[in-house]
Amino acid sequence: MSLALIAALPFLGALLPGLMLRAGRNACATATGAVTLLALLGLLSHLPAVLRGEVVQARFEWLPMLGLNANFFLDGLGFMFAGLILGIGLLIIIYARFYLYKSDPMDQFYTYLLLFQGAMVGIVLSDNILLLLIFWELTSLSSFLLIGYWKHLPEGRQGARMALTVTGMGGLALIGGMLILGNIAGSYDLTVILENREAIQQSDLYVPALLLILLGAFTKSAQFPFHFWLPHAMAAPTPVSAYLHSATMVKAGLFLMARLWPVLSGTDLWFYLVAGAGLITMTLGAVIALFKDDLKGLLAFSTVSHLGLITMLLGMGTEIAAVVAVFHIINHATFKAALFMTAGIVDHEAKTRDIKRLGGLRFLMPVTFVIGTIAAFSMAGLPPFNGFLSKEMMLHEAAHTSTLFMVMATIAATFSVAYSLRFVFHVFFGPKRDDYPAKPHDPGFGMWAAPALLVVLVVLIGLFPKTMVGSLVATVSKAVTQTDELPYYSLALWHGVNAALIMSIIAVATGAVLLLLHKGLDRAWIAAPRPEAKEIFDALIGAITRFFSWFTDLLHDGAMSRYLAIFTAACVVIVAGAFFSADYLQGTRPMLPITNASIIGFVLIMVPTIALAFLHRNRYLSLVLMGVVGLILSVGFAYLSAPDLALTQLSVEVVTVILLLLALYFLPKETPKESSPARRTRDAVIGAGAGLGIGALMYALLRREPDNIGWYFLENSYTGGGGNNVVNVILVDFRGFDTFGEIIVLGIAGISIFAMVAALMRSAGGKRLREMAKDQVKIGDRHPLMMVVATRAVLPIAIVVGAFIFLRGHSEPGGGFIAGLVVAVAVLMQYMASGLEWAQARQRVAYHGMIAVGILTAAATGIASWFFGYPFLKSTFGYVTIPPLSKFELASAMAFDVGVFLTVLGAVMLALAELSRMGVAADPDQPVNTDPMDIVTDGGAIRSATKDS
Amino acid sequence: MELLVAIIIGSLTAVGTYLMLRMRTFPVIVGLSLLAYAVNFFLFASGRLMLNSPPLLYVEGPHTDALPQALTLTAIVIAFGMTAVAVIMALTAYLNGGTDKLDMENEAPEVTPEERGQ
């Protein structure tokens, strides 16, 4: 199976749980498991090649210009991690099926889990480091969702946020570090980077790159001083803790350090930073773990400690230490996942995971007891389990590094024994109690099957390490160290009496004593002052938030006119600066003569425009002035050879004025005089600056000869698009995709108006609206007879005109846009004449439906060309003659134009009808007319159409 | 003629900007419409001015540039959509807030930690 597919499968599968949940929770879990199993099988199909030492690759170009390509590669290291992620993932899916409560939304859980799984697999299989970074961020995001899965728990939300903050911050640092690394190596492919050890370590940028990358790795793998987020992430459901916080995500940092080990390790800086942080984390985590009463808290700090152990081994920089690190990664994943699942079972059955409230469970939960004990003994490093093997090897390496390492490692091992034994003895041994929150008993097979399988591995690896994982460890270690020959090491239980064994014996003995003294130590621990990570974190975040709230409030004081003024003034100043700092070359294009007609038009536009600046406080008057400007503008379009624009501007003007008139029904009719003369002067200066700039720009442009692609459309309009009206052919054919996007925007505008009005009606504003009616001046003749008769007569004519404009659009001025507007105006007249209720009752198609049909028609026209093997929206045309009509053209673009027509009509009418609906709501006492006008002729007698309500 | 067009577009921009800097919503909407006129006319005029030469192929050439016209046509319709949305937003603000003032007078209300979701 292709590597890309293995990485993509979980993402694709993430769609399944939501669908399958309808078929039941078992189906949901099975589908999720099947996806993971499939990916796992795909991975295993590469096992022989990987064991032979080959590197499997899959490469796709994505954004080659940025160096971002979907390149994947699989060697031993990637294989081990992908195997852990998918293998333990499968077990977690089974476990979670039985762990989740009936009230938990299972589909969400599995979707998040698969997203996380895909991101993790992506990290370990990526060859391209930019791709790796994308997956890295995805793990932070998906783990945020998983930790906060129980949204109702504040601990879950806060833990998720803390984890996201810390790992997200590290992720940012990592991006910087990786980019530097790629820059030094000259390639963003890991396979290339790994061969450039000398260049990277000798570069001046090695230190910043290393620091940034380690920041990313340490935050992800919870290394001191970033270890604090991991225990708080334990608020997640236990399957998440078992998966993310023992086996996979926290190991991503380790993976990264192991992956880049060949190029980054071996320097003093690497040793002190990585081995140092690992050593501190290992010891600190082990000590704190002993004093955690929460089972998962204990395991969390134990995980911190073990991650520190592996980090330390990687930091030592020797090949043999890297082998031990690899071996311990495998061992830790097996026993720690089993332990988390055990803790989850105890929590699930006894309804508490407080060690002080537990004890004596060995008879009540024998199966859980056996599983938990074996796994905990392995964690303690007791023979014959796998934890013992790697711990011995670790102690051996520590003893050969320095005395400090030897002492600290022994202390860590001691506490490790103590907390592991505490996990066993304080939970399962001791007297049986009668005050558990629930009656504990062993869960069903489904829940203990997964940890049992892991425990079997713990024992088998412990007893037969060479057979079980010998070749895997060798392959992975070769991949980590990028060497063909590894130094001698032996995976075995017995190495004779050596320093490591003596350290081990000391650790076990002291650890057992520590446990016996636990009560007293615990009291001392609680009494001792300790820094609380969460309080420090919260205080820090609080301070940052307060600072930026203050800063934001300072800039955004809520005065929109201030922003606009600053923005416009800045534009004017910058552009003016640019203009005056360069030479100006006067254009040579001759000017058109100024005719009498143009002077009249000029005056007719300029007078209302300038008047608007002074008379805008009278809102009705300003509307009239604005309408005049729009009308003269449309005449100007016609005069300057743009008949289509003239028609569009004219009809849009009508609708806009009606829209603003309707709005004025609700708004105050006057604008009060409130700005100071100084402020008005300031605004006038800004406005004049903007106007001068735009006017000058226009003039300069108009005096230059055009150099553009306009001729192309003129030449090809008829031959390529079959139309004589080039504007329309461009709209529906050449640039049809643009038009498609534009009608979608228009549709969205219409529908958001619909939504906003609906929201307004429900809010406090709706109430105010209904109270407003009292102050409104009412007209006596609501539906005047003359107007009703006139509009009724005009409607069919207008529709015929609309059809005419539409049909001829391809060859003469017209088309879907204009036809839609013309018909909208005609329909609007009916609303004005006979009222919203009457008109709406005769309106068979809802306007939002019309928008949808319009956009779908346009889309269908575009898609139809796929069936003929052409790209989206490729059009065709022909000429037909239907007697008695003259020969006319039928283009597929016409169907597209129908879509445009419907969308325009729907959006315009929706906007205006919604405003009228507000008007009706504003005056609920107003009688609703069922007849077109206020008076009806009823058998010759004339009476009022409305009854007093 | 070119000069007249440039003056018209400049004046529309100037008055439109001035109105957009007013403190009530309605003049701002009118100002927005004026700016839309200016922008649309500018866009159209960028194809250069020609008399009696519409881009209709059955008319004897030369023809003016059709592309800016096509772009302007949709821009006019979209400008209507934008105005309509702005109008509804202004109405909602007026009815919900009780004033058609554009600027917030008081400082932003203090958001408590609970509302921030902490």
Side-chain angles (χ1 to χ4, degrees), chain A residues 558-561 564-565 568 591-592 594 598 602 605 609 612-613 616 619 622 626 633 640-645 648-649 652 656 659 663 666-667 671 683 687-688 690-691 694-695 698-699 702 706 710 713-714 718 724-727 730-731 742 746 749 753 756 760 763-765 768-769 817 911, chain B residues 1-4 6-15 17-21 23-24 26-27 30 33 37 42 44-46 48-51 53-58 63-67 69-70 72-74 76-78 80-81 83-85 87-88 91-92 94-96 100 102-104 108:
Chain A
M560 211 177 89
S561 54
L564 277 174
T568 318
M591 295 210 270
L592 292 177
I594 298 178
S598 60
F602 177 74
I605 284 195
T609 305
L612 258 176
H616 69 90
R619 293 183 173 182
S622 68
M626 199 191 104
L633 212 54
L640 293 167
S641 317
D644 284 278
L645 290 191
T648 314
Q649 178 68 46
V652 162
T656 308
L659 176 90
F666 307 101
L667 290 169
T671 306
D683 293 347
I694 297 287
M698 182 82 268
Y699 180 73
L702 287 177
F713 300 103
L714 291 170
Y718 191 77
N724 275 321
N725 180 4
V726 187
V727 173
I730 292 175
L731 281 176
E742 269 146 8
L746 198 62
I753 287 169
M756 279 193 279
L760 174 66
S763 64
R768 202 188 303 259
L769 190 61
F817 273 108
Chain B
M1 178 69 100
E2 274 75 1
L3 198 61
L4 296 187
I7 293 173
I8 287 173
I9 289 176
S11 316
L12 284 173
T13 311
V15 177
T17 309
Y18 177 75
L19 289 182
M20 281 197 76
L21 293 174
M23 292 154 104
R24 301 282 176 154
F26 193 80
V30 174
S33 303
Y37 292 151
F42 188 102
F44 154 74
S46 69
R48 308 302 187 275
L49 307 181
M50 283 172 91
L51 296 181
S53 44
L56 303 169
L57 296 183
Y58 56 84
H63 300 109
T64 183
D65 192 350
L67 188 61
Q69 293 197 12
T72 308
L73 199 153
T74 52
I76 293 173
V77 181
I78 296 276
F80 165 75
T83 311
V85 172
V87 162
I88 301 286
L91 280 183
T92 311
Y94 175 60
L95 292 171
N96 275 333
D100 64 341
L102 204 62
D103 298 347
M104 275 191 261

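Here is how names work: the chains are called A, B, and so on, in the same order as the sequence lines, proteins then strands, and each is numbered from 1.
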Cut-off 4.5 Å, heavy atoms of chain A, and the answer for Val15(B) is side chain
Tested for side chain to side chain contact (heavy atoms under 4.5 Å, CB included) against Gln69(B), the lone hit among Leu731(A), Leu645(A), Ile730(A), Thr648(A) is Leu645(A)
dist Glu742(A):CD -> Ile78(B):CD1 (nearest 0.5 Å) comes out at 5.0 Å
Can a donor-acceptor pair be found, under 3.5 Å and without considering hydrogens, that links the side chain of Ser641(A) to the backbone of Ser53(B)?
yes
Bottom line for Val30(B): the part with an atom under 4.5 Å from chain A's heavy atoms is both
For Gly691(A) and Thr13(B) the tightest heavy-atom approach is CA-CB, 3.9 Å
Q. Do Ile76(B) and Phe817(A) touch side chain to side chain, with heavy atoms closer than 4.5 Å?
A. no
Under 4.5 Å to a heavy atom of chain A? For Leu12(B) that would be both
Output for pair (Leu56(B) CG, Asp644(A) CG), nearest 0.5 Å, gives 7.0 Å
Verdict with supporting geometry, Arg768(A) and Tyr94(B), side chain to side chain contact (heavy atoms under 4.5 Å, CB included)
CA-CA 10 Å; Arg768(A) 202 188 303 259; Tyr94(B) 175 60; over 6 Å; no
When the 4.5 angstrom heavy-atom criterion is applied to Ser11(B) and chain A, the contacting part is both
Honestly, the part of Ile605(A) sitting under 4.5 Å from a heavy atom of chain B is side chain
The interface call for Thr568(A) against chain B, heavy-atom contacts under 4.5 Å, is side chain
Ring pair (Phe, Tyr, Trp, His ring centres under 6.0 Å) filter on Phe26(B), not counting sequence neighbours, yields none
Looking only at heavy atoms, the pair that brings Met591(A) and Leu3(B) closest together is SD-N, 4.3 Å
The reported gap from CG in Leu51(B) to CG in Leu592(A) (rounded to nearest 0.5 angstrom) is 5.0 Å
Here the pair of heavy atoms bringing Val85(B) nearest to Met756(A) is CG1-CE, 3.8 Å
With chain A, the option among Ala6(B), Gly81(B), Ser46(B), Ser33(B) that has the most non-hydrogen atom pairs under 4.5 Å is Ala6(B)
Salt bridge (Lys or Arg N to Asp or Glu O under 4.0 Å) filter on Arg619(A), not counting sequence neighbours, yields Asp100(B)
Looking only at Val77(B), Leu19(B), Thr92(B), the option with the highest number of non-hydrogen pairs under 4.5 Å against chain A is Val77(B)
